[in-house]
Amino acid sequence: MIDFFIPLEDWINIGFEKVTYYLSPFLRAASNFLEIIIGGFEDLLLWPPEIVIMIVVALLVWILASYRLAIFAFVGLLLTFGLDIWEPTMATVALALSGTAVSLLVGVPLGIFASQSNVVERILRPILDFMQTLPSFVYLIPAVMFFGMGKVSALVAIMIFAMPPAVRLTTLGIREVSGEMVEAARAFGSGRWQTLKDVQLPLAIPTIMAGVNQCIMMALAMTVIASMIGGGGLGNVVLRSMQTLNIGMGAVGGLGIVILAILLDRLTETISKKVKKD
Amino acid sequence: MSIIKVENLYKVFGKEPNRAIEMVNEGHKKDEIMAKTGTTIGINNVSFEVEAGESFVVMGLSGSGKSTLIRCLNRLIEPTLGSISIHDKDITKMDKNELSELRKESVSMVFQNFAIFPHYTVLENASYGLKVMGVAKEEREQKALESLEAVGLKGWENYYPSKLSGGMQQRVGLARALATDPDILLMDEAFSALDPLIRKDMQTELLELQDKLQKTIIFITHDLDEALRLGDRIALMKDGEIVQIGTPEEIMMSPATEYVEKFVEDVDRSRVLTAEMIMKKSSTVIHYPKDGPRVALHRMKENDISSIFAVDKQNRLIGIVMAEDALTAIESNETSLDSIIQKDIPTALPDTPLKEMFALMTGKNVPLAVVDEDSKFKGIVVRGTVMAKLAEGGNAND
C-alpha cells in the first residue's frame with residue numbers, strides 16, 4: 001500500500017480554532033446584532049394577543065395578494081392556535097423571515113455585483129454550488145462553533161442555505177435584460193449605475209422575486225433542521241416528537257410547517273405575478 | 001461644413017486586432033483572416049463625411065457591418081483603429097464623462113426593435129434622455145410632450161408601451177431621441193421591424209420632420225427603396241467596407257461594382273413594373289360594330305376623353321376612335337365606325353414592362369391598350385402614369 005493520507009480533518013480543526021480566536025470580537029458583535037433582529041421579531045409576534053396577529057396578517061395578505069389567501073391565512077393561523085403550537089409557529093416565522101431578510105440583504109447585492117462582473121460571477125459560482133450541495137447538517141457544525149448553540153447559529157445556517165437562489169436569480173434576472181434595452185439606456189448617456197437603476201433592476205424584478213420566493217421556502221425548510229442547534233420553533237416540536245416517538249406531536253408540528261409553507265409560497269408567488277403584470 | 005468625419009475606421013472583433021488589421025492591409029480576405037486569427041473584421045478601413053443637416057443612409061445586407069458602424073459613432077462599440085470626429089472633436093479619444101456628455105447632448109439613437117422601456121409610460125420613455133441629463137421633472141415632461149406631439153402621439157403620454165402598436169412604439173423611440181434636441185440622429189434599421197405600409201408612413205413622417213428640424217441623420221437600412229427615399233447620400237457597405245458613396249441618382253446611374261449593380265437592379269421598377277400593375281381597368285369602351293360615331297362621341301364627352309377603344313362582343317380589342325374623326329363622320333352623316341376606326345394600334349400585354357410601354361407610346365398621342373393573349377381588352381395605360389412611374393424610380397410600389 002502507498003502511504004497517502006491528507007490530514008484535512010486536523011487542518012480544519014486547527015484553522016477553525018485560530019479563526020474563532022481571532023474573530024471572536026467580530027463574531028460576538030455579529031451574534032449580538034443577529035440576536036436583536038430575531039429576538040425582536042419574535043417578541044413582536046408574541047407580544048400582542050393572538051387574534052390581533054391573525055387579523056393583521058390576514059389584512060396584510062389581503063392587501064398584498066388576494067382575499068382568498070387572506071382567508072386561508074386567518075384559518076391557518078387559527079388552526080395553529082387551536083393545535084396549541086402558536087408560540088413555536090411564531091418562533092418559526094420569526095426565524096424563517098429574519099433568515100430570509102438577512103439572506104436577501106447579502107444575496108441581492110452580491111447578485112447585482114456578480115451581474116456586473118464576469119470575474120465576480122466566476123468566483124461566486126463554485127462557492128454557491130458548494131453552499132447548495134453541501135449536506136445541510138455539515139454546516140450546522142461551523143455555525144455552532146462560531147456562534148454556539150441557539151437561534152443565531154440557526155440563523156446563520158439558514159442564511160448559508162437560503163442565500164444561493166437569491167444571488168443566482170438576481171444575477172440571472174439582470175443579465176437576462178435584453179441587450180438592446182441596456183444599449184438604449186447607454187446611448188442616452190446613462191452610466192453603469194444609472195442603467196442598472198433605471199433599466200436592468202426594474203426589468204429583473206420578476207426574476208428576483210422568484211429568487212425571493214425560493215429563498216423563503218428554503219429558509220423555512222432549514223428551520224426544521226436548524227432546530228438541532230437550538231433554532232427552536234416548530235422544528236423543535238418535530239425534533240422532540242422524534243426523540244420521544246410521539247407521532248401525534250410530530251404530525252401537529254409538521255402541519256404547522258405545511259400551513260406556513262403554503263401561505264408564504266402563495267403569498268410571494270402572487271406578489272411576483274402582480275409585479276410582472278405592472 | 002461636415003459635422004461627422006470618419007477616417008480610416010477599423011473594428012475587429014476578437015483577440016488579435018492588430019494582426020488582423022495587418023493582414024487586411026496585406027490584402028487577405030475576411031474568411032482567411034478569421035481562420036488564421038479567430039478574429040472577425042467588422043469594419044474595414046471606412047472613411048466618410050456627413051454634412052450638417054444631411055440624411056446619410058448606410059445600406060448593406062446583414063453582416064455587412066452597418067450596425068457596427070453606427071454603433072461606433074456613439075461608441076456603443078469601441079472602434080479598434082481610426083478616428084471619428086463629431087463637431088471637430090475626436091470621439092475615439094474621449095473619456096467616460098466626455099462620451100456621456102456627447103451622448104446626452106449631441107447624438108441620440110433609434111433602435112431596430114424600438115428598445116422602449118416597458119416599465120415606463122410613453123411620457124417617461126420620451127423624457128428618458130432628459131432625465132439622464134438631470135433636467136427637472138416638469139421641464140423634461142414639457143419637452144417630452146412637445147416631441148411626442150411632433151411624432152403624432154399626443155394623448156398617449158400615460159399609456160405603457162405594451163398597449164401600443166409597433167409603429168407607435170417606434171414613434172415613442174423617435175420622440176425619445178428627439179426630446180434631447182440632438183444634432184445627430186442615429187437610426188439603426190429604425191423601420192425594418194414595421195410592416196410595409198406603416199413603414200412607408202413612418203418614412204414620410206420622418207421626411208416631414210426632417211424638413212422642419214434639419215437634423216443630421218445617419219440611417220441604417222438593408223432596403224434600397226428606403227435608402228433612395230430617405231437618403232441625401234447613400235453609402236453602400238459590403239464585408240465591412242464602403243463600396244460606394246453617392247447621391248441616390250449617382251448610385252442608380254453608375255453603380256460602382258457588381259455588388260451595387262445587383263442591389264440597384266433589384267429596385268429598377270421600370271423593369272419590374274408591368275402594364276397590369278399600372279393600368280386603369282377602364283370600362284369606357286364602345287362596341288363594334290353595334291355602336292356608331294354618335295354613341296362614340298357621346299361616351300367620350302361623358303368621360304372627358306378624346307379617344308375611345310372599341311371592342312367586339314367577346315370583348316376583343318378592335319381599334320380606337322378619335323373624337324375629331326367621330327365628329328367628321330357625324331357631319332358627313334355616317335352611321336358606322338368602319339371609315340374612322342384605327343385598327344393598327346400598339347398594344348401591351350399585361351406583363352409588358354414599364355420601359356417597353358414607354359417605347360410603345362413615344363410619338364403617339366393615344367393611351368396604350370392592354371390586351372391578353374386572346375386580344376381581350378383588359379384596360380388602358382395613359383402616358384402620364386408611365387411618365388410618373390418612370391420618374392418615381394424606386395418608390396413605385398404604391
Side-chain angles (χ1 to χ4, degrees), chain A residues 64 104 108 111-113 115-122 169-213 268-278, chain B residues 67 70-71 73-78 94-121 124-135 140 160-162 169 172-173 176-180 182 184-190 193:
Chain A
L64 292 171
L104 294 178
V108 172
I112 294 173
F113 197 27
S115 75
Q116 299 298 300
S117 153
N118 288 333
V119 177
V120 174
E121 201 194 6
R122 233 171 285 145
L169 286 163
T170 303
T171 308
L172 178 72
I174 292 171
R175 286 188 182 249
E176 256 178 358
V177 172
S178 92
E180 218 181 21
M181 292 291 163
V182 177
E183 243 184 3
R186 288 186 54 212
F188 285 94
S190 286
R192 202 175 213 188
W193 167 243
Q194 187 155 24
T195 306
L196 188 68
K197 180 177 69 102
D198 288 345
V199 177
Q200 288 170 298
L201 272 181
L203 293 178
I205 278 181
T207 313
I208 296 176
M209 280 305 293
V212 172
N213 174 287
T268 45
E269 199 183 55
T270 321
I271 292 172
S272 50
K273 262 188 203 150
K274 273 191 176 172
V275 171
K276 216 180 253 178
K277 248 186 229 158
D278 290 343
Chain B
S67 283
I70 202 174
R71 279 169 176 71
L73 297 180
N74 61 357
R75 274 178 60 194
L76 282 177
I77 290 176
E78 291 292 338
M94 284 185 172
D95 65 21
K96 238 186 184 174
N97 294 330
E98 287 174 303
L99 186 61
S100 173
E101 286 306 306
L102 176 84
R103 289 172 178 172
K104 285 179 202 167
E105 311 272 346
S106 331
V107 183
S108 61
M109 193 161 180
V110 182
F111 294 84
Q112 179 171 13
N113 297 311
F114 322 139
I116 293 299
F117 306 128
H119 58 296
Y120 284 163
T121 61
E124 285 166 336
N125 264 296
S127 59
Y128 185 73
L130 296 161
K131 182 183 168 187
V132 179
M133 284 168 87
V135 176
R140 72 175 187 244
Y160 280 92
S162 57
Q169 289 193 26
V172 179
R176 177 175 65 182
L178 291 173
T180 55
I184 298 166
L185 215 54
L186 304 177
M187 304 187 73
D188 179 26
E189 301 234 20

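Atoms considered below: every heavy atom in the structure, side chains included; atoms not considered: hydrogens, waters and symmetry mates. Residue numbers start from 1 in every chain, and the chains themselves are labelled A, B, ... in the order their sequence lines are given, proteins ahead of strands.
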Run the side-chain contact (heavy atoms from CB on, under 4.5 Å) check on A:D198 and B:Y128 step by step: do they pass? CA-CA 9 Å; A:D198 288 345; B:Y128 185 73; 2.9 Å; yes
Kindly give the heavy-atom pair with the smallest separation between [X] and [Y], and that separation in Å.
X: B:S100; Y: A:G189; value: OG-O, 3.0 Å
X: A:R186; Y: B:R103; value: O-CD, 3.2 Å
X: B:H119; Y: A:P202; value: CD2-CB, 3.4 Å
X: A:E180; Y: B:Q112; value: OE2-N, 3.6 Å

With a 4.5 angstrom heavy-atom cut-off, is it the side chain or the backbone of [X] that approaches chain A, or both, or neither?
X: B:I116; answer: backbone
X: B:R75; answer: backbone
X: B:N74; answer: side chain

Sorted by chain and residue number, the side chain to side chain contact (heavy atoms under 4.5 Å, CB included) partners of B:E124 (sequence neighbours excluded) come out as B:Y120, B:T121
Listed pairs under 3.5 Å, donor-acceptor, residues 104-111 of chain B side chains, sequence neighbours left out:
unit_1	atom_1	unit_2	atom_2	d
B:S108	OG	B:A177	O	2.7

